Amino acid sequence: QDAKEHMADGEADVIVVGGGPGGYVAAIKAAQLGLKATCVEGRGTLGGTCLNVGCIPSKALLNSSHKYQDAKEHMADYGVQVTGVKMDIGKMMDQKLSAVDGLTKGIEGLFKKNKVTYVKGWGRLAGQGEVAVTAEDGSEQVLKGKHIILATGSEVTPLPGVDIDEETVVSSTGALALKKVPKKMVVIGGGIIGLEMGSVWSRLGAEVEVIEFLDRIVPAMDKDVRRAFERVLKKQGLSFKYKSKVTAAEKTADGVKLTVEPAAGGDAETVEADVVLVAIGRRPFTEGLGLEEAGVKTERGRVVVDPATFATNVPGVYAIGDLIDGPMLAHKAEEDGIACVETLAGKHGHVNYATIPSIVYTHPEVAWVGKTEDELKAEGVKFKTGKFNFMANSRARTVGDTDGIVKFIADKETDKILGVHMMGANAGEMIAECVLAMEYGASSEDVARTCHGHPTLSEAVKEAA
C-alpha cells in the first residue's frame with residue numbers, strides 16, 4: 001500500500017517512525033495483533049542501520065575474511081594444500097550486498113503478507129496523533145494515527161577534530177565499503193564495532209592499530225574474558241594504544257595524519273595511516289524528528305519513557321530501541337518493539353533487560369549475558385565462579401579452535417546464575433542456552449546436570465557450570 005491508500009483508509013492504530021529492527025518488528029507485530037499499522041522509513045530500504053550498514057554486512061565481511069585467512073594460514077594444517085590464494089575485494093562486496101538485498105526485500109514481503117502500510121519518507125511529529133512525512137522528491141503529507149512509536153535508531157557519534165569523509169576517514173559505513181585493503185588502518189575506539197571491522201581488514205592484510213581512550217577494550221566485558229580476548233587479538237596482529245585520545249586529523253597525499261595525546265594530558269604524537277576508522281560509539285538519531293517542538297522529554301540525548309509501557313511524556317507517543325535507555329542492540333530494539341505494541345493491544349508486554357546477550361563477532365567470538373564480577377563486587381553481592389578452557393574441550397581440540405573460555409558467575413548462597421561470559425568459536429550461538437537458563441532463574445547446577453552432546457563445544461558450558 002502507498003501513502004495515498006493509507007489516507008483513504010483513514011487513521012492508523014499505530015504509526016511506527018523508523019524501519020529498523022525495532023520499527024519493522026513492531027509494525028509487523030502490531031498488524032499480527034489486529035492493529036492497523038503503518039511504518040515510515042526514509043532510507044529507501046527497510047532494515048535500518050543493522051541490515052543496511054551494520055550488523056548484517058559486517059558479518060558477511062567477517063565471514064569472507066575469516067575464510068580467506070583460514071585458506072591462507074590454516075588449511076595446510078589439515079592436509080588441504082592451497083597455493084596462490086587471493087582476495088577479490090569486489091566479489092566480497094558483491095556477496096555482502098546480495099545478502100543485504102535479499103533480507104531487505106524479505107522485510108517488504110513480510111509487510112505485504114501482514115498488511116503493514118509502508119510509507120517511504122522521513123517522518124516527524126507534527127501534532128497530536130500526526131506524523132508529517134517528507135518524501136525524497138520534497139513533497140510532504142501528514143499521516144494520522146492513534147499511537148505513534150518512535151524507532152529511528154542511532155547514528156555514529158562524531159569525534160571533534162576528525163571529519164568523516166567515508167573514504168580515508170571512515171565510520172563503520174565506510175569501513176564496510178573500502179575498495180582496497182589499506183596498508184595501515186587506525187581504529188579510534190576499542191569497542192565492539194571497531195574490533196570487528198579492525199579484524200576484517202587485519203585478516204585481509206592491513207596493519208591495524210587501535211587507539212582507545214580508556215585503559216582497556218570493550219569495558220562491558222568481564223575482565224578474565226577480556227584478558228584472554230586481548231591476548232588473541234594481539235596474536236592475530238592487532239596492536240593497542242591505551243589511555244590515548246585523538247584530537248585532530250589532517251588529510252595528506254598519502255592518507256591521514258592523526259594527532260594523539262595521552263588521555264590525562266601531555267605531549268602529543270603523530271600517528272599516520274592510510275585509513276582511519278572512527279568507532280567511538282553511537283548516539284540516538286533524533287535530527288528532524290520534531291521532539292523539541294512536540295515537547296518530548298529527553299535526557300542526555302535519549303528519549304525518556306515509562307519502562308513498562310515505552311510511553312513518553314507526550315500522550316500517544318512512544319519510543320523504543322536505541323532512542324531510549326539500555327544497550328544499543330538490534331535484538332534489544334526488537335524486544336522493545338514487541339513489548340510496546342503488545343501493551344497497546346491490551347496485552348502484557350515485558351522485556352527482561354537482565355538477560356539481553358551481547359556478542360562480538362570476531363574469531364574467536366565473545367558473548368556474555370548478565371553481570372560481570374566487577375559489577376557484582378560493586379553491588380556487594382557474594383558470588384562464586386566456575387571456568388572451563390576450550391583447550392580441554394574435545395571438539396575444540398579436534399577442529400583446532402582451542403582459543404576459548406567459559407565463565408559462570410552464580411550467587412554464593414542460592415547458586416542462581418548471575419552472569420555467563422565466554423570467548424570461543426560459536427560463542428554467539430552458545431550464549432543462547434545461558435540466556436534461556438537465566439530467563440528461567442536457573443542455578444548453575446541446573447546447567448551442569450543437563451546432558452550435552454559429545455563431542456560439542458557446548459560441553460564447555462556444562463563444564464564451567
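Just so you know, these numbers come straight off a predicted model, no measurement behind them. FYI, side chains are in, hydrogens and waters are out, and symmetry mates aren't considered; it's all heavy atoms of this structure.
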Ion pair Asp94/Lys91, N-O distance below 4.0 Å: no

Residues that Glu230 engages under salt bridge (Lys or Arg N to Asp or Glu O under 4.0 Å), provided they are two or more places apart: Lys234

Selection residues 307-337 - residue pairs positive for ring-ring contact (aromatic ring centres under 6.0 Å, His included), sequence neighbours left out: His147-Tyr318

Residues in ring pair (Phe, Tyr, Trp, His ring centres under 6.0 Å) contact with His66, at least two apart in sequence or another chain: His363

For Asp306, all residues meeting side-chain contact (heavy atoms from CB on, under 4.5 Å), sequence neighbours excluded: Ala308, Thr309

Any pair counted as side-chain hydrogen bond (donor to acceptor under 3.5 Å, both in side chains), so long as it reaches residues 170-179, sequence neighbours left out: Glu166-Ser171

Verdict with reasoning, Glu334 to Lys29, per salt bridge (charged side-chain N to carboxylate O under 4.0 Å, His left out): CA-CA 10 Å; Glu334 290 179 18; Lys29 187 67 176 177; over 6 Å; no

Sequence neighbours excluded - ring-ring contact (aromatic ring centres under 6.0 Å, His included) pairs with any residue from residues 401-420: none

Lys/Arg-Asp/Glu bridge criterion (N-O < 4.0 Å) met for Asp415, Lys384: yes

Glu433 with Lys462: basic N within carboxylate O range, under 4.0 Å: no

Glu373 and Lys377 ion-paired at < 4.0 Å: yes

Salt bridge Lys36-Glu11, side-chain N to carboxylate O under 4.0 Å: no

Rounded distance (nearest 0.5 Å) linking atom CG of Asp101 with atom OG of Ser98: 7.0 Å

